[in-house]
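Working notes, structure below.
Sequence lines set the chain letters: A, B, ... in the order given, protein chains first and strands last, and positions in each chain run from 1.
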2 protein chains.
Amino acid sequence: MHACHEHATCVEEALGAADRICAERELRFTDLRRRVLSLIWENHGSSKAYDIMEKLGGDYSAKPPTVYRTLDFLQENGLVHKINSLNAYVGCSHPLKHKDCFFLICSCCNEVQECCASHVADTLRDMAGKNKFSPRHTTLEIEGECQDCLKKN
Amino acid sequence: MHACHEHATCVEEALGAADRICAERELRFTDLRRRVLSLIWENHGSSKAYDIMEKLGGDYSAKPPTVYRTLDFLQENGLVHKINSLNAYVGCSHPLKHKDCFFLICSCCNEVQECCASHVADTLRDMAGKNKFSPRHTTLEIEGECQDCLKKN
DNA sequence: AAACAGTATGTTATACTATAACATTGCCGA
DNA sequence: TCGGCAATGTTATAGTATAACATACTGTTT
């Protein structure tokens, strides 16, 4: 499902992008934030907050507020997304232009693909408009089976 | 936001519809199930599981599994929907034909409007297809502000 | 009616998800 | 170096959900 065959590359790219974004915005991309983002990207699927917490373990012996605050920071800056239907978090594949994206969640291999399709966003905006509704944030998560898993089964 | 000005009517209609659906499917629409569905419909907004639990109180002194099991039953039979972004539940406005619906959630008045628009569903299905993805269930929740609240503010 | 099977509900305990409130540390400019 | 602010640590608790097992209810068969 994922286009990235050399997975270490994904992680490095994501961290590099985060470095740049934080530098531009004069935000501190601290060791903790870097480590959490890295852990999230090391997963092809989505990451649960408490799993991240355990992986931080050791030196950090992190507690919930530490993890949630870090996740909040990453979300606010478009570096990760929360998947509401899973209570889990995924790295954003294209930070900076991360508006109106949605997710294809394979319940077989657990991978999550982020998509952006402006015509989908347009359709949703039109529909909201017809209902006289002013949208602020859209949660669009489609659960199903990805191509690879369909082939296998 | 809601079309129903005589709110008691909504509740009665929803209970009546549930009666019919359960009868058709030879399911038991027990007192507990009826009561939970009624509590959900008495709210214009969405209902939290633990709030429902408290309202059941008295005679029932319900505990979490009782409430969640009842909610599961209602969901499985299309009588209520879970709003993942709120961890809350709403009554389904048109049970039996409850496929591909989505929600407009006003964060000002907390009302939730359920919508079905086949062209939205079509757009999403196309998009999934282009990504070689076979969708099973879609979570589409749009948070924003409804017409009434926009006017007021 | 009594026995039975299956569904529904009750009960106890616990897992999982998230935040409040306050303390401490670390960074950076005045 | 002092003061201020951002980041992280710490303790406690709130909020959401399920597992596992016990009991009760409903309808059918004998």
Side-chain angles (χ1 to χ4, degrees), chain A residues 18-19 21-23 25-40 43 45-77 79-90 110 139 141, chain B residues 18-19 21-23 25-40 43 45-77 79-90 110 139 141:
Chain A
D19 262 332
I21 289 167
C22 290
R25 300 188 183 176
E26 300 190 333
L27 299 168
R28 297 191 211 159
F29 193 46
T30 62
D31 191 42
L32 177 63
R33 290 167 177 173
R34 169 181 294 276
R35 188 135 177 230
V36 169
L37 185 59
S38 176
L39 287 170
I40 289 172
N43 247 348
S46 58
S47 302
K48 309 284 272 180
Y50 274 68
D51 290 343
I52 293 170
M53 199 171 72
E54 280 189 11
K55 285 180 191 156
L56 284 175
D59 302 4
Y60 292 87
S61 70
K63 290 174 184 57
T66 299
V67 174
Y68 283 105
R69 272 191 301 231
T70 307
L71 288 170
D72 286 346
F73 171 88
L74 296 172
Q75 282 178 88
E76 279 160 14
N77 293 288
L79 299 169
V80 311
H81 297 290
K82 178 171 184 184
I83 307 294
N84 284 312
S85 56
L86 299 176
N87 292 326
Y89 304 83
V90 294
N110 294 313
T139 297
E141 301 165 5
Chain B
D19 261 333
I21 289 167
C22 289
R25 300 187 183 177
E26 300 191 333
L27 299 167
R28 296 191 212 158
F29 193 46
T30 62
D31 191 42
L32 176 63
R33 290 167 178 172
R34 169 181 295 274
R35 187 134 178 232
V36 169
L37 186 59
S38 177
L39 287 170
I40 289 173
N43 247 347
S46 57
S47 303
K48 310 283 274 180
Y50 275 68
D51 291 343
I52 292 170
M53 199 170 74
E54 279 188 12
K55 285 181 192 156
L56 283 176
D59 302 5
Y60 292 88
S61 70
K63 290 173 184 61
T66 298
V67 174
Y68 284 104
R69 274 191 299 231
T70 306
L71 288 170
D72 286 347
F73 171 88
L74 296 172
Q75 282 178 86
E76 279 160 14
N77 293 289
L79 299 169
V80 311
H81 297 290
K82 177 172 184 183
I83 307 294
N84 284 311
S85 56
L86 300 176
N87 292 326
Y89 304 82
V90 294
N110 294 314
T139 296
E141 300 164 6

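Among the heavy atoms of the strands lying under 4.0 Å from A:Y89 are primed sugar atoms or P, OP1, OP2 only; no base atom is included. Across all strands, A:R33 comes closer than 4.0 Å only to sugar-phosphate atoms, never to a base (heavy-atom distances).
Between A:K48 and B:Y50, it is B:Y50 whose nearest contact on DNA chain C lies nearer the 5' terminus. A residue-by-residue look at B:N87 and A:T66 shows that A:T66 has its nearest nucleotide of DNA chain D further toward the 5' end. Positionally, the nearest nucleotide of DNA chain C for B:T30 lies more toward the 5' end than for the other of B:P64 and B:T30.
Of the listed nucleotides (C:dT19, C:dT17, D:dT16), C:dT19 has the atom at the smallest distance from the side chain of A:P65. When distances run from any side-chain atom of B:Y68 to the nucleotides C:dA18, D:dT18, C:dT9, the shortest one goes to D:dT18.
Between B:T70 and B:L32, the shortest heavy-atom distance links the atoms OG1-CD2, 3.4 Å. Taking each heavy atom of A:K82 and A:Q75 in turn, the nearest pair found is CB-OE1, 3.4 Å.
Looking at heavy atoms from C-beta onward, B:T66 lies out of side-chain contact with B:M53 at the 4.5 angstrom threshold. Taking the side chain as every heavy atom from C-beta outward, A:N77 and A:R33 never approach each other to under 4.5 Å.
B:E54 places its CD atom 14 Å from the C1' atom of D:dT16, with the value rounded to the nearest Å. If you measure from atom CG of A:L27 to atom C1' of C:dC27, you get 15 Å, rounded to the nearest angstrom. Atom CG in A:L32 sits about 15 Å away from atom C1' in C:dT24, given to the nearest Å. Separating the CG atom of A:L74 from the P atom of D:dA7 is a distance of 12 Å, rounded to the nearest angstrom. Atom CD1 in B:I52 sits roughly 17 Å away from atom C1' in C:dT9 (whole-Å rounding). Put simply, CZ on A:R35 is 11 Å from P on D:dG9, counting in whole angstrom units. Remark: C1' of C:dG10 and CE of B:M53 are 13 Å apart, rounded to the nearest angstrom. As a whole-Å value, the separation of A:E26 CD from D:dA7 C1' is 17 Å.
Of the listed residues (A:L79, A:L74, A:V80, A:V67), just one forms a side-chain contact (heavy atoms from CB on, under 4.5 Å) with A:V36, and that residue is A:L74.
At C:dG10, none of the side-chain N or O atoms of B:K63 fall inside 4.0 Å of OP1 or OP2 (strictly under the cut-off).
You won't find any donor-acceptor pair under 3.5 Å spanning the side chain of B:R28 and the base of D:dG27, going by distance alone.
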